[in-house]
Amino acid sequence: MLSLSTSGFPPCPRPSKAATNASAPSGDASLCAFRAHHRAGRALHANPALIPALAACAQLPAAVAEAEQIHALLVKSGVPRTVPDVQASTSLVRAYARLGRVYDARKVFDGMPDRTVVTWNVLLDALVRDGDLDAAWEVFMEMPQRNVVSWNTIIAGCARNGWAQEAVDLFVEMTVAYGLAPDEATMVGFVSAVRDIGLLGIGKSAHAYVLRREFSLDGALGVALISMYTRCGSMGAAHSCFLSVTTKNVEHWTSLIAGFAAHGQPEKALRLFVKMRQVGIEPNGVTFVTVLNACSHGGLVSEGFKYFDLMRSMGIRPMIQHYGCLVDLLGRAGFLKEAFNLASNLPEDPGFVIWSSLLAACRSHGNVKIAELTASKLADAKPSHGSSYVLLSNTYARAKQWEDSKRTRRRMEEHGVTKKPGLSWIEVDGSVHSFATADKLHMESEGIYRMLEDLKHNLTSAACEPEPFALSEHL
DNA sequence: CTAGGGTTAG
């Protein structure tokens, strides 16, 4: 039986690095080898484990001290002049960067008398990972040589940091102006940028190119393509792309499940999840976010809690996203009080996304009281954001509290807050047309609305009564 | 083991 108590949840752990410390730096094989050679009196540049040790540091979150020690030895051994010295320093730059010490990475880089394109690429990657796209761009512009890796790093970096259009432009510059052939990694970054802009036609061309080059879809590239198709609303293409992947991993599965969850087919999403486990693929925390989302969209409240328990029984610690999904699940199903209590009692604020989803649920269910409470939480989470005013105002309107509705709108104007209208878009013959609710700006608006009326008429006569309100939201 | 890639809640 479904329990809606919100007090019995386990604490929500903050993202911690503790879990990745399973292998302590002291036990790492490369570091051990390095120390053994060092103790035996071997000179630093003759230590065959020097670069492997630095590479190990780069992926051991607790290895800052080890990296610093090796750094000190490198400094003591004198000005680097040989090729292996440049490689060692480059490895040190990378180690510092991956350990979160971007400043130190840059200092080592600045102190290097000789650098290779790899050194530059390491620095570029460090800045991209740090999310400092401006600095990365500067480095990209001033580096003396660039190779495919340089381009891949900056393209993927733009794509990951919300600069999708820049990523696409860079891809064009790389391939057209510089005549460089993209490789698998290039295509991953490009396809994910294309996905964010929603350019289905370009995405299909990219897929065709991938097939022509016979790139494998087993890794990131397959995942990116499936995700591109789902986000472009092409679930059929996403599914067949998924089927064409020879060795599917958890991310291929998760991407497709997310697509069905988001496109009104929660049962398909859940069936896919069952199938995935049957073929022996272990779901991860991200998979469960998509599964809970499917339950949310399908109104499957008790199933959602069942999957939440399953996740915990599999040893996956629930994160804020999972609790957020539960809040959304409860809210959409009309359990607004329970949803609000759960969201309020988490050790970490669930954030803007969840509070607004709850506010939207309050509007749908016409609950003014919880809407007010939620709107105030939302204002704390993200002050001066237009959508909270609009949602609250609309909640009042639905409850016919016209004065409150107007007052909320007025307050929004007084605070100088605007809400950017939500836009939908459709790609026709390669060009993208975007439009808002009740938009009449398109040149062929009249014809479009006439077509819509015809469709509604046909649906009605086919005994499929369209829901007027829901439909108008999508106009 | 001197460099680059992916999935996720409105």
Side-chain angles (χ1 to χ4, degrees), chain A residues 29-30 33-34 48-59 83-95 97 115-126 128-129 147-157 159-160 183-192 195 215 217-228 230-231 249-259 261-262 283-297 319-329 331-332 350-361 378 387 391 422:
Chain A
S30 305
F34 173 79
L50 171 60
I51 287 167
L54 283 165
C57 289
Q59 49 189 33
V83 171
D85 285 334
V86 176
Q87 292 182 356
S89 299
T90 301
S91 304
L92 181 62
V93 175
R94 182 166 179 268
R115 306 169 184 126
T116 64
V117 64
V118 177
T119 319
W120 282 93
N121 285 343
V122 165
L123 179 68
L124 187 63
D125 178 60
V128 161
R129 280 173 190 271
N147 60 18
V148 181
V149 175
S150 326
W151 286 94
N152 294 351
T153 306
I154 192 79
I155 289 173
R160 272 204 308 267
D183 66 10
E184 286 188 26
T186 324
M187 296 310 288
V188 174
F190 178 58
V191 168
S192 59
R195 170 196 69 175
F215 289 154
L217 301 185
D218 290 355
L221 189 47
V223 177
L225 281 168
I226 295 164
S227 170
M228 181 274 295
T230 67
R231 297 283 261 269
N249 65 28
V250 61
E251 290 178 324
H252 294 105
W253 287 91
T254 301
S255 192
L256 192 64
I257 292 171
N284 61 23
V286 178
T287 314
F288 276 103
V289 170
T290 68
V291 166
L292 293 174
N293 190 226
C295 295
S296 222
H297 286 269
M319 306 281 280
I320 192 70
Q321 294 101 313
H322 302 108
Y323 290 103
C325 289
L326 292 187
V327 173
D328 187 50
L329 176 70
R332 280 173 191 263
F352 166 75
V353 168
I354 280 309
W355 288 121
S356 23
S357 93
L358 183 52
L359 187 50
L378 191 49
S387 60
L391 281 168

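Treat the numbers as computed from the prediction; the structure is a model and nothing was measured. Every chain is numbered from 1 and lettered A, B, ... according to where its sequence line falls, protein lines coming before strand lines.
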If I pick the [atom1] atom on [M] and the same atom on [N], what distance separates them, to the nearest angstrom?
| N | M | atom1 | value |
| --- | --- | --- | --- |
| dA3(B) | dT7(B) | C1' | 24 Å |
| dG6(B) | dT2(B) | C1' | 24 Å |
| dG5(B) | dA9(B) | C1' | 24 Å |

[X] near the nucleic acid: base, sugar-phosphate alone, or nothing, with a heavy-atom cut-off under 4.0 Å?
| X | value |
| --- | --- |
| Val148(A) | base |
| Ala55(A) | sugar-phosphate |
| Arg195(A) | sugar-phosphate |
| Gly285(A) | nothing |
| Val118(A) | base |

**Request:** Could you tell me whether the side chains of Asn293(A) and Thr290(A) share a donor-acceptor contact shorter than 3.5 Å?
**Result:** no
Atom-pair distance ([atom1] on [X]; [atom2] on [N]), nearest Å:
| X | N | atom1 | atom2 | result |
| --- | --- | --- | --- | --- |
| Ile51(A) | dT2(B) | CD1 | P | 5 Å |
| Ile154(A) | dA3(B) | CD1 | P | 19 Å |
| Leu217(A) | dG5(B) | CG | P | 19 Å |
| Gln59(A) | dA3(B) | CD | P | 10 Å |
| Asn249(A) | dG5(B) | CG | P | 16 Å |
| Leu225(A) | dG6(B) | CG | C1' | 11 Å |
| Asn147(A) | dG5(B) | CG | C1' | 15 Å |
| Phe34(A) | dC1(B) | CZ | C1' | 14 Å |

Of the candidate nucleotides [options], which contains the atom at the shortest distance from the side chain of [X]?
| X | options | value |
| --- | --- | --- |
| Ala258(A) | dT8(B), dG10(B), dG5(B) | dT8(B) |
| Leu221(A) | dG5(B), dT2(B), dA9(B) | dG5(B) |
| Ser227(A) | dA9(B), dT7(B), dC1(B) | dT7(B) |
| Cys325(A) | dG5(B), dG10(B), dA9(B) | dA9(B) |
| Val188(A) | dA3(B), dG5(B), dT7(B) | dG5(B) |
| Glu184(A) | dA3(B), dG6(B), dG5(B) | dG5(B) |

**Message:** Any donor-acceptor pair, under 3.5 Å, between the side chain of Asn293(A) and the base of dA9(B), if you only look at N and O atoms?
**Reply:** no
**Prompt:** What residues form a side-chain hydrogen bond (donor to acceptor under 3.5 Å, both in side chains) with Thr287(A), not counting sequence neighbours?
**Reply:** Thr254(A), Asn284(A)
**Prompt:** When you check the phosphate oxygens OP1 and OP2 of dG5(B), does a side-chain N or O of Arg129(A) lie under 4.0 Å from one of them?
**Reply:** yes
**Prompt:** Reckon Arg160(A) has a side-chain N or O less than 4.0 Å from the OP1 or OP2 of dG6(B)?
**Reply:** yes
Without swapping roles, check the side chain of [X] against the backbone of [Y] for a donor-acceptor pair under 3.5 Å.
| X | Y | answer |
| --- | --- | --- |
| Asn249(A) | His252(A) | yes |
| His322(A) | Gly285(A) | yes |
| Ser255(A) | Glu251(A) | no |

**Proximity to DNA chain B (any heavy atom under 4.0 Å), residues of residues 352-361 of chain A only** = Phe352(A), Val353(A), Ile354(A), Ser357(A)
**Asked** Which residues satisfy the ring-ring contact (aromatic ring centres under 6.0 Å, His included) test with Phe288(A), sequence neighbours excluded?
**Response** Phe273(A)
